[in-house]
Amino acid sequence: MKMRIIKGKNYDEMSRMAADVVAAQILLKPNCVLGLATGGSPLGLYKSLIARHNAGELDFAAVRSINLDEYKGLGAESDQSYRYFMNKNLFSHVNIKTENTFVPNGLEEDGDKECARYDALMADMGGTDLQLLGIGHNGHIGFNEPADAFSTGTHCVALAESTIKANTRFFASEADVPRFAYTMGTSGIMHAKTVLLIASGKEKAEIIKKAFTGPVTPQVPASILQLHPNVIFAGDEEALSLL
Ligand code: PGA
């Protein structure tokens, strides 16, 4: 494993430092493919990218993006969908072309069809240059939940109980959290040329320690990153406190 650690004092500093990595990728390769993520962790990073774009420092005109996952059953107009999240928190504020942004289609009922479409799309794009990842409290990446074996391609997953609980904060009630999602698989994530994992807060410290210093096991999906040749981990002091 070649892992570089970037340590920010707090969430804001970590977000700016992680945004430096994404900005550098765009400057080096203006038509790069960014693998993007949703959740609380990347919000500050997206804000920082928007500020740089507004300052005239960052051009998304040729950037392409492909997101990790989407809730099954939710479409772009649902304010809990990940397509909505991306539009609201990044895409509508920068000059990325909508037709160059990809998120699994949560409204496609036929899981096999949607997963095959997404894998073909990823292959057509040549994989991702930089894959942004958060990490769940149970070690999930994307919606690859702890399991007996690592997943491979894009697939439909039943969300773990802990994930449903963690994501309830974004919904009116726990019952409203969708139970299934489409997610890029482990092989899609591992094919990224560079992985940028971000985590903040003390509640992530334990899983970060497990993922990066424990055994590589599908029970901790993020532990597979130990086998990736180029991982950058941006964390704040609290998330890094047990490493
Ligand atoms: P979070 O989610 O960024 O909201 O903590 C991370 C994840 O569940 O992958």
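Numbering of ligands and ligand atoms starts at 1, following listing order. Only heavy atoms go into these numbers, but all of them, side chains included; no hydrogens, no water, no symmetry mates.
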Please produce the table of protein N or O atoms sitting under 3.5 Å from N or O atoms belonging to ligand 1, one pair a line, distance to 0.1 Å.
residue: ligand 1; atom: 3 (O); partner: Gly40; partner atom: N; Å: 3.3
residue: ligand 1; atom: 3 (O); partner: Ser41; partner atom: N; Å: 2.8
residue: ligand 1; atom: 3 (O); partner: Ser41; partner atom: OG; Å: 2.5
residue: ligand 1; atom: 4 (O); partner: Gly40; partner atom: N; Å: 2.8
residue: ligand 1; atom: 4 (O); partner: Arg169; partner atom: NH2; Å: 2.8
residue: ligand 1; atom: 5 (O); partner: Lys204; partner atom: NZ; Å: 2.6
residue: ligand 1; atom: 8 (O); partner: His140; partner atom: NE2; Å: 2.7
residue: ligand 1; atom: 9 (O); partner: His140; partner atom: NE2; Å: 3.3

Decide yes or no for Gln131 and Met184: does some side-chain heavy atom of the first lie under 4.5 Å from some side-chain heavy atom of the second?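 The answer is yes; the side chains approach within 4.5 Å.
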May I ask you to check whether Tyr71 and Phe143 place their ring centres under 6.0 Å from each other?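 Yes, close enough.
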Around atom NZ of Lys29, are there more than 12 heavy atoms from other residues, nucleotides or ligands closer than 6.0 Å?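 Yes.
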Salt bridge or not for Arg117 and Asp124, using N-O below 4.0 Å?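 The answer is no: the pair does not qualify as a salt bridge.
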Hey, are Arg83 and Glu70 close enough for a salt bridge, meaning a charged N less than 4.0 Å from a carboxylate O?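 Looking at Arg83 and Glu70, the cut-off is not met.
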Considering only residues two or more places apart or on different chains, which pairs with a residue in residues 196-220 satisfy side-chain hydrogen bond (donor to acceptor under 3.5 Å, both in side chains)?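 Non-adjacent pairs meeting side-chain hydrogen bond (donor to acceptor under 3.5 Å, both in side chains): Asp148-Gln219.
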